[in-house]
Amino acid sequence: MSKIRNIIFDFGGVILDLDRENAVRKFKSIGVNKADEYLDKYHQKGIFLQCENGEIGEMEFVEKLRALCNKDLTYQQVYDGWNAFIVNTEKYKLDYILSLRQRGYKVFLLSNTNPFVMKWARSKEFTEEGLSIDHYVDRAYISYEIKSVKPDRKIFEYLISDSGILPEESLFVDDGEQNIEAGNKIGFKTLLTKNREDWRDKIEKLLEND
């Protein structure tokens with residue numbers, strides 16, 4: 001067995017605590033009546049998926065959403081709708097991820113997300129200390145930038161090729177069963193977690209027994 005040298009984290013549901021229903025309510029409140037049909041914890045549908053897989057950009061998404069609900073929505077309303085998914089960012093998780101890097105592990109983010117959430121995550125608003133997500137990881141691999149979403153093989157292959165890591169030396173942490181299955185097929189060691197879970201001890205055991 002190869003030693004773990006790299007750890008790849010999902011964002012929402014692993015580092016961030018998510019509440020899908022909160023986002024559905026927020027979008028419905030601004031006139032997106034079928035929000036519950038478009039929004040999913042792991043894989044969006046319709047124009048919401050197009051936003052996450054990079055088919056359409058921020059402003060095109062806003063325009064399409066305006067047309068969808070026949071309302072002159074503001075950018076801020078749409079931004080707030082997407083970010084309503086996020087209900088908490090646990091500092092202890094970010095501190096732990098930073099400690100992994102200090103111990104010599106390469107740490108990556110691999111996330112199905114959108115420009116609205118990443119605008120917040122890459123800003124000083126992300127933490128009380130004014131640090132963005134990029135401070136905590138060696139590199140962030142984001143679905144709309146790569147134009148592929150998990151569990152598609154392409155997004156995993158892009159990360160491997162770009163980072164130069166070996167799958168057998170990498171631990172992939174995600175809260176989606178389909179994503180974990182895809183990671184296994186690629187050759188990653190994997191850990192399936194749950195939203196709001198403290199997964200630090202599980203990771204430590206995998207590292208200790210490696």
Side-chain angles (χ1 to χ4, degrees), residues 1-18 42 86 88-113 117-210:
M1 293 284 286
S2 298
K3 185 175 177 61
I4 295 171
R5 301 180 187 278
N6 319 294
I7 305 173
I8 304 155
F9 288 96
D10 179 30
F11 201 19
V14 175
I15 297 174
L16 306 175
D17 295 343
L18 298 184
Y42 306 109
I86 302 149
N88 198 24
T89 308
E90 294 285 7
K91 187 176 185 299
Y92 73 81
K93 292 182 177 180
L94 295 173
D95 290 343
Y96 177 73
I97 288 169
L98 212 52
S99 77
L100 289 171
R101 294 179 69 194
Q102 291 165 351
R103 288 157 59 185
Y105 294 99
K106 289 282 188 182
V107 177
F108 303 99
L109 189 73
L110 183 65
S111 176
N112 288 353
T113 190
V117 167
M118 289 308 297
K119 181 167 283 187
W120 162 75
R122 283 179 161 148
S123 76
K124 292 180 179 180
E125 302 299 316
F126 181 63
T127 64
E128 292 181 0
E129 296 80 11
L131 301 171
S132 80
I133 183 60
D134 293 303
H135 174 78
Y136 295 92
V137 297
D138 288 281
R139 177 76 193 272
Y141 292 92
I142 308 301
S143 59
Y144 69 87
E145 295 176 341
I146 299 170
K147 298 193 177 350
S148 176
V149 294
K150 295 176 293 185
D152 292 350
R153 189 179 183 90
K154 177 184 171 184
I155 195 169
F156 294 98
E157 290 177 339
Y158 183 94
L159 180 151
I160 293 164
S161 174
D162 184 77
S163 65
I165 64 173
L166 298 175
E168 60 270 22
E169 295 179 349
S170 307
L171 173 64
F172 174 50
V173 184
D174 199 289
D175 65 326
E177 288 187 18
Q178 288 186 325
N179 299 336
I180 288 293
E181 288 171 11
N184 285 327
K185 289 177 182 176
I186 286 285
F188 291 143
K189 297 168 184 177
T190 58
L191 174 63
L192 178 64
T193 62
K194 295 178 181 177
N195 190 33
R196 303 174 190 265
E197 179 182 355
D198 181 354
W199 29 254
R200 292 175 296 177
D201 285 347
K202 288 182 179 179
I203 290 178
E204 283 303 309
K205 285 177 184 176
L206 287 169
L207 297 178
E208 287 169 10
N209 296 328
D210 187 47

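When all heavy atoms are compared, the tightest approach of Thr190 to Gly183 is CG2-C, 4.1 Å. In plain terms, the two heavy atoms of Ile8 and Ser170 that are nearest each other are CD1-CB, 4.1 Å. Summarising the geometry of Leu206 relative to Leu171, their closest heavy-atom pair is CD1-CD1, 3.9 Å, with the distance given to 0.1 Å. Minimum interatomic distance between Met118 and Tyr144 (heavy atoms only, all atoms of both residues): CB-OH, 3.4 Å.
Under a 3.5 Å cut-off, the side chain of Ser163 and the backbone N or O of Leu159 do form a donor-acceptor pair. With Asn112 contributing its side chain and Lys150 its backbone, the two residues share a donor-acceptor pair below 3.5 Å. In this structure, the side chain of Asn195 engages the main chain of Leu18 through a donor-acceptor pair within 3.5 Å. Distance alone, capped at 3.5 Å, places no donor-acceptor pair between the Asp162 side chain and the Tyr158 backbone. One N or O on the side chain of Lys93 and one on the backbone of Val14 form a donor-acceptor pair closer than 3.5 Å. Between the side chain of Asp174 and the backbone N or O of Gly176 there is at least one donor-acceptor pair closer than 3.5 Å. No side-chain donor-acceptor contact under 3.5 Å links Thr89 to the backbone of Leu16.
More than 12 heavy-atom neighbours from other residues, nucleotides or ligands sit within 6.0 angstrom of CD on Glu90. The number of heavy-atom neighbours closer than 6.0 Å to CD of Glu129, taken from other residues, nucleotides and ligands shown, is above 12. Annotation for Glu145: atom CD counts as buried by contact number, over 12 foreign heavy atoms lying within 6.0 Å.
When only modelled atom types and interatomic distance are considered, Tyr96 and Glu204 share a side-chain donor-acceptor pair under 3.5 Å.
The pair Glu197-Lys202 meets the salt-bridge criterion, with a side-chain N (NZ, NE, NH1 or NH2) lying under 4.0 Å from an Asp/Glu carboxylate O.
Phe9 places a side-chain heavy atom less than 4.5 Å from the side chain of Leu100.
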Worked verdict on Asp95 versus Lys91 for side-chain contact (heavy atoms from CB on, under 4.5 Å): CA-CA 6 Å; Asp95 290 343; Lys91 187 176 185 299; 2.9 Å; yes
Asp138/Arg101 under side-chain contact (heavy atoms from CB on, under 4.5 Å): CA gap, chis, key distance, verdict: CA-CA 8 Å; Asp138 288 281; Arg101 294 179 69 194; 3.4 Å; yes
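Evaluated for a salt bridge (charged side-chain N to carboxylate O under 4.0 Å, His left out) with Asp198, the options Arg196, Arg200, Lys194 yield exactly one hit, Arg200.
By the 30° and 60° cut-offs, the orientation of the rings of Phe108 relative to Tyr141 is tilted. Between Tyr136 and Phe126, the ring planes lie perpendicular to each other; the angle is over 60°, past the 30° to 60° tilted range.
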